[in-house]
There are 2 protein chains.
Amino acid sequence: MTKQKNSRRRGNDLLDSLYNATIKLTDTVKLTNLTFQQIAEEANTSRAVLYRRWTTPFELLQEIYNYKAKELFDGSFFDKLKDNGSLRSDFLQLLTLFQNTYKKIGAEIINNYYFLRTQDSDNSQETEMHKNAVEKYLRTMERILQNAETRGEKIKKVHHVTLMLPFDLIRTENLIRPENINKNRLATMVEEVLLPVFTE
Amino acid sequence: MTKQKNSRRRGNDLLDSLYNATIKLTDTVKLTNLTFQQIAEEANTSRAVLYRRWTTPFELLQEIYNYKAKELFDGSFFDKLKDNGSLRSDFLQLLTLFQNTYKKIGAEIINNYYFLRTQDSDNSQETEMHKNAVEKYLRTMERILQNAETRGEKIKKVHHVTLMLPFDLIRTENLIRPENINKNRLATMVEEVLLPVFTE
DNA sequence: TTAAATAAGATACATTTTGTATCTTTATGC
DNA sequence: GCATAAAGATACAAAATGTATCTTATTTAA
């Protein structure tokens, strides 16, 4: 979809290129050591292009991670959720889908997103995105639990925050013990944590 | 304990001053925008002092957060843990002590610690510290559960990773929903998560 | 199809930060 | 009190910043 007849990139083409150059640099350069100079060189453009859009590399990073994290927060992966006939299977599928999205976006990117979030409390745009995501997560959990109840499984009433547990678990695992994540670990989360918490 | 008769600071006195100047700057300057110049000025010393110790602000930050996080990882707050006569009370005390340590050190500092950790996988010193901490956490949980079992409470056998749940919960809460933390929230964690997970 | 508008890219310049090196001064330990 | 180690001051070339101006390519709309 990229126009190759033009040598001078514009708009979103250029923006993508800047994003990618920055992400690529984070493989070798620590986040705290990034400079506009390097980014401009990596993206084959001039520094002016960067200064017209952002005042510091921090702002650029913030924009990138907000953008990249969108897929995690739009909750579109929930569309693949099926009623598997048991809460156990539904939970496992939920964790698997969520973890796959983490993997697809890249755990480092999401970790960085959450880090920048703590650095900047007045980011209303991201806050809105995050708030909507939490709403979607809650509604998804409510639906899963409702289905289970309809099937006759005994479901406990819990506070709303507790409904965030599956997502909290995946986030923690990717931040603290990323090397630990596999099918067995997800199954253990369901068996030893989620089922005891949400069922009698 | 600070010597005031000397105008020229040395060793740990100077180091403390550099650490404090850096931390102070992080109130106004984003982590990714810190410079040695600023830090030297803030600490009333010369840049040479900084370059003799670290090559980039990132390294300095890493050292600071490793140092500050020590108190969280040495597990000394566990000494205050008593046998309260019920698992419910023991869990609540554990969460309270852990959260108080978070508060004392500063949640931002610990969040930053974990972030830098993801940026640098080859930090053997911190890895050792972290590994020892996990060991201590596991042993503490085992002790608490053992006490409960001795009292006659029905305790489930779970994987080691699951024993990290109390600490994972507090970490998540401080990273994602810091405004949400109070006595009620901790009680809900015990009631709706920890007790169902660890007892029959 | 051409002209006007818009944004990219090149360049320049003063300022700040970096990284290194050298020298002087102060504090500490023997 | 003297030797040693480390702090602090200073200097300098190189890199990065922040801003401004000018040229050139691409888009839009007349």
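Just so we're clear, the structure is a prediction, and the values are computed from it rather than from any experiment. So you know, we letter chains A, B, ... as the sequences are listed, proteins then strands, and number each from 1.
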Would a distance-only check, ignoring hydrogens and angles, find a side-chain to backbone donor-acceptor pair under 3.5 Å from [X] to [Y]?
X        : Y        : result
A/Asn84  : A/Ser86  : no
B/Glu142 : B/Tyr137 : no
A/Asn33  : A/Val29  : no

Exercise. Find out whether B/Leu163 and B/Phe198 are in side-chain contact, i.e. whether some heavy atom of one side chain is under 4.5 Å from a heavy atom of the other.
Key: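 B/Leu163 reaches B/Phe198 side chain to side chain.
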
Calculate the interatomic distance between [X] atom [atom1] and [N] atom [atom2]; express it in whole Å.
X       : N      : atom1 : atom2 : answer
A/Asp13 : D/dA25 : CG    : P     : 18 Å
A/Glu42 : D/dA16 : CD    : P     : 14 Å
B/Leu50 : D/dA6  : CG    : P     : 16 Å
B/Ile39 : C/dG19 : CD1   : P     : 12 Å

Quiz prompt | Intermediate values then yes/no, side chain to side chain donor-acceptor pair (under 3.5 Å), B/Gln38 and B/Thr35 | solution = CA-CA 5 Å; B/Gln38 294 172 307; B/Thr35 67; 3.1 Å; yes

Quiz item: What string of B, S and - do you get for nucleotides 7-18 of chain C, 5' to 3', if B is base contact, S is sugar-phosphate-only contact and - is no contact with any protein heavy atom under 4.0 Å?
Solution: BBBB-B----SB

Exercise. Kindly give the heavy-atom pair with the smallest separation between B/Leu138 and B/His160, and that separation in Å.
Key: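 Minimum heavy-atom contact is CD2-O, 3.4 Å.
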
